Amino acid sequence: KEHSEKKHKDRDKLKHSNSSSDKHREKHKEKRKEEKVCSLLGKAFSVVDITFWYRGKIIFFMEINMKVLKFCFAQDFKENNPYFTAVVDNLFCFSLMGWILLSFVVIRWEEERYTDGSKWRFLEHKGPVFAPPYEPLPDKVRFYYDGKPMKLSAPAEEVATFFSKMLDHEYTTKDIFRKNFFKDWRKEMTSEEKSKITDLNKCDFTEMNEYFKAQSEARKQMSKEEKQKIKEENERLVQEYGFCIMDNHKERIGNFRIEPPGLFRGRGDHPKMGMLKRRIRPEDIIINCSKDSKHPKPPPGTKWKEVRHDNKVTWLASWTENIQGSIKYIMLNPSSRIKGEKDWQKYETARRLKKCVDRIRTQYRDDWKSKEMRIRQRAVALYFIDKLALRAGNEKEEGETADTVGCCSLRVEHVKLYPKMDDQEYVVEFDFLGKDSIRYYNKIPVEKRVFKNLQLFLENKQPEDDLFDRLNTSILNKHLQELMDGLTAKVFRTYNASITLQQQLKELTCPDDSIPAKILSYNRANRAVAILCNHQRAPPKTFEKSMQNLQTKIEEKQNQLSAARKQLKVAKSDHKASHDDKSKKAVEVKRKAVQRIEEQLMKLQVQATDREENKQIALGTSKLNYLDPRISVAWCKKWGVGIEKIYNKTQREKFAWAIDMAEKDYEF
DNA sequence: ACTAGGACTTGTCCCTAGCCGG
DNA sequence: CCGGCTAGGGACAAGTCCTAGT
């Protein structure tokens, strides 16, 4: 019905444009019409049939070039049904007595999956965008050494600017940072500079620092037009370099810009902080694309390191970074088929774990009694991974990164055992730095067997010895692989996160709640998961202030409310006195006003609670990486909550497959 | 069995576009 | 229309897990 209404409107527009004599305008309208028709087409179909009948008037199709139709159709179809792919090369379209027959092939993701391990058949892109070249400082901005101004060579100056931009950060005062920086900086100096500049403490970067501050201030002060221009330029760059063609579809690239040079910071107590991250040139880049595609061109006068055609991998370009010597990649955006499909598979693996988790739990409990030490250790570690959602904990090379651990790499110093604590027995206290040097602190009571085993593991060990000395991640994962196909340590995190969300949602959602209250429940369920996974954040710098603002708003609303209530009272007594229509209306109006303000107040209060509870907890990570989006989609459908209340635009794009697939009765 | 390298996922921080109330 | 604030996106670091070579 809706579509036919739209069609009528379109037809009216069509007549209109025919009578218009302005050629240009007509052309424009033509284009819009095409777009409109194509978007209508995309929305017109449900997704399961191989062949669709669609009733309409042929006039639309005659006027559209078949090629355009095909392309628009492919795009629209994909946007609306990301879980499917349409093969439009075989698109077949003709009219029959006012009906239009459209026939094309629809393929589901899993049907399209290649069996030989290849990830794509065709890949074409324009290559990465490089960091802008270094612009030397104007002469008036000077660097001082030992109190005297000194002109630096361009390479040395560039590195100096990196440091000068960071002057406000605490880490420029750290010894390691300064030492690493100075060492790398000296490598960029001319021999003359090298002999002169021997002590970082005698370097004065303040003038440079002020210059950059002024620059950023000036950028803020730019006129609207200038800002608009920059925005447009950026947009153009995205249009040109931000997309690629992979197997008949135009897909967004995740990070098409190469990381600019700068000083490496690292997280936590990183031994390499302050080192120079060098500039990446075309000669460092390996391009990956299909042989029969138009290969990306390197910037004039340069060459790529290599152009290869490896369809067993998903990346478009790669280079080796100089701090850790690891490889960096350019890959597709999460909304792309290749990422979405993988994401979906991940949750399917977690759902398979759900089916056999009881068996696995029984087994590891059995293994706590094993005669073999390695099996006991494996079983206790697995218990922690399952119960506490710890990460696997690969070994790391000492001195290369910050000292952090996961389950398998836990050391004796990270756990403390308390046979009795308060009113609980067999309490284990964990205190260690995990990924990104985020502290994990937790005290939990465990079963007696686990406790006894831990005591055994700790015997005759130094604090810096491994807790699980007979275990590492590859042993653990090999074991898990035997328990279930595709099972690894991280699947437990996904599984426990998703199952917790589903169960919390069931528990917390009250059918009679208002929409904001329901959303609060959702956020609380999300929060439970974030706490489980230890997703913390530094309380935002503006937290206190924004909390206060909210509080004042609430007070204001409360005042408004009491005022409105008073007015309602007055109106009521007026009505009692006069009993006329006018006063009756007035009462209604006032009643509505009170109601509205009550609602607003409630919304604010809910918001305040939500924010307070969220002070140190980051919801984003679990939402993006651990929670099966179909649970959320189903919840939204079940309770009539708009999906946009839960997922913002990017998240909706990433989870398009789930929004498409999940019905309100979906069970993880 | 062990290691290094490679590919891909997960994680936090920081900046800024754009929203909203005054 | 302006300025303050904040959500969201980008940047990029740091994990996991797998494979191939020794």
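A, B, ... follow the sequence lines: proteins, then strands. Residue 1 opens every chain. These numbers come from a predicted model, not from an experiment.
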Regarding the side chain of Thr650(A), the nearest nucleotide among dG8(C), dT10(B), dT12(B) is dG8(C)

Check every atom of dG9(C), dG11(B), dC8(B) against the side chain of Met331(A) and return the nucleotide holding the closest atom.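 My answer, after comparing the listed nucleotides, is dC8(B).
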
Would a line drawn from the ring center of Phe205(A) to the ring center of Phe163(A) be shorter than 6.0 Å? yes

May I ask you to check whether Phe181(A) and Phe162(A) place their ring centres under 6.0 Å from each other? no

Whole-Å distance separating the [atom1] atom of [X] from the [atom2] atom of [N]:
X	N	atom1	atom2	value
Ile338(A)	dC8(B)	CD1	C1'	11 Å
Tyr440(A)	dT12(B)	OH	P	14 Å
Ile330(A)	dG6(B)	CD1	P	17 Å
Tyr171(A)	dC13(B)	OH	P	13 Å
His535(A)	dG11(B)	NE2	P	4 Å
Leu332(A)	dG10(C)	CG	C1'	17 Å
Asn648(A)	dT6(C)	CG	P	18 Å
Glu644(A)	dC19(B)	CD	P	16 Å

For side chain to side chain donor-acceptor pair (under 3.5 Å), just list the numbers for Gln377(A) and Asp469(A), CA-CA rounded to whole Å, side-chain angles, deciding distance to a tenth of an Å, and then say yes or no. CA-CA 8 Å; Gln377(A) 290 195 356; Asp469(A) 53 307; 2.8 Å; yes

Contacting residues from residues 312-319 of chain A, given that a heavy atom lies under 4.0 angstrom of DNA chain B: Val313(A), Thr314(A), Trp315(A)

Between the protein and nucleotides 16-18 of chain B, are there any N/O to N/O pairs under 3.5 Å, and if so, what are the atom names and distances?
residue	atom	partner	partner atom	Å
dG18(B)	OP2	Lys231(A)	NZ	3.3

Could you check whether Lys119(A) gets within reach of a base, just the sugar-phosphate, or nothing at all, counting any heavy atom under 4.0 Å? sugar-phosphate

Could you tell me whether the phosphate oxygens of dG11(B), OP1 or OP2, come under 4.0 Å of any side-chain nitrogen or oxygen in Tyr626(A)?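 Affirmative; the distance criterion is met.
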
Can a side chain N or O of Lys478(A) be found less than 4.0 Å away from OP1 or OP2 on dA1(B)?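 No, no such contact exists.
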
When you compare the side chain of Leu388(A) with that of Cys407(A), does any pair of heavy atoms fall below 4.5 Å? no

Any chance [atom1] of [X] has more than 12 other-residue heavy atoms, nucleotides or ligands included, within less than 6.0 Å?
X	atom1	result
Glu135(A)	CD	no
Lys645(A)	NZ	no
Glu398(A)	CD	no
Lys312(A)	NZ	yes

Verdict with supporting geometry, Arg439(A) and Asp431(A), salt bridge (charged side-chain N to carboxylate O under 4.0 Å, His left out): CA-CA 7 Å; Arg439(A) 184 176 179 212; Asp431(A) 192 351; 2.8 Å; yes

Do His125(A) side-chain atoms and Asn288(A) backbone N/O form a donor-acceptor pair below 3.5 Å? yes

In B/S/- notation, 5' to 3', how is nucleotides 12-22 of chain C contacted by protein heavy atoms closer than 4.0 Å? BSBSBBS----

Reading DNA chain B from 5' onward, which residue's closest nucleotide shows up sooner: Gly325(A) or Lys346(A)?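 Its nearest nucleotide being more 5', the pick is Gly325(A).
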
Hey, which of these two, Arg308(A) or Leu624(A), hits DNA chain B nearer its 5' end, going by closest nucleotide?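 Whichever sits nearer the 5' end wins; that is Arg308(A).
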
Are Lys396(A) and Thr404(A) close enough, and set up right, to give a side chain to side chain donor-acceptor pair (under 3.5 Å), and what steps lead you there? CA-CA 9 Å; Lys396(A) 317 208 292 177; Thr404(A) 63; 2.7 Å; yes

Quick one: does NZ or CZ of Lys277(A) land under 6.0 Å from the six-membered ring centre of Phe264(A), within 45 degrees of the ring axis?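 Cation-pi check for Lys277(A) and Phe264(A): fails.
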
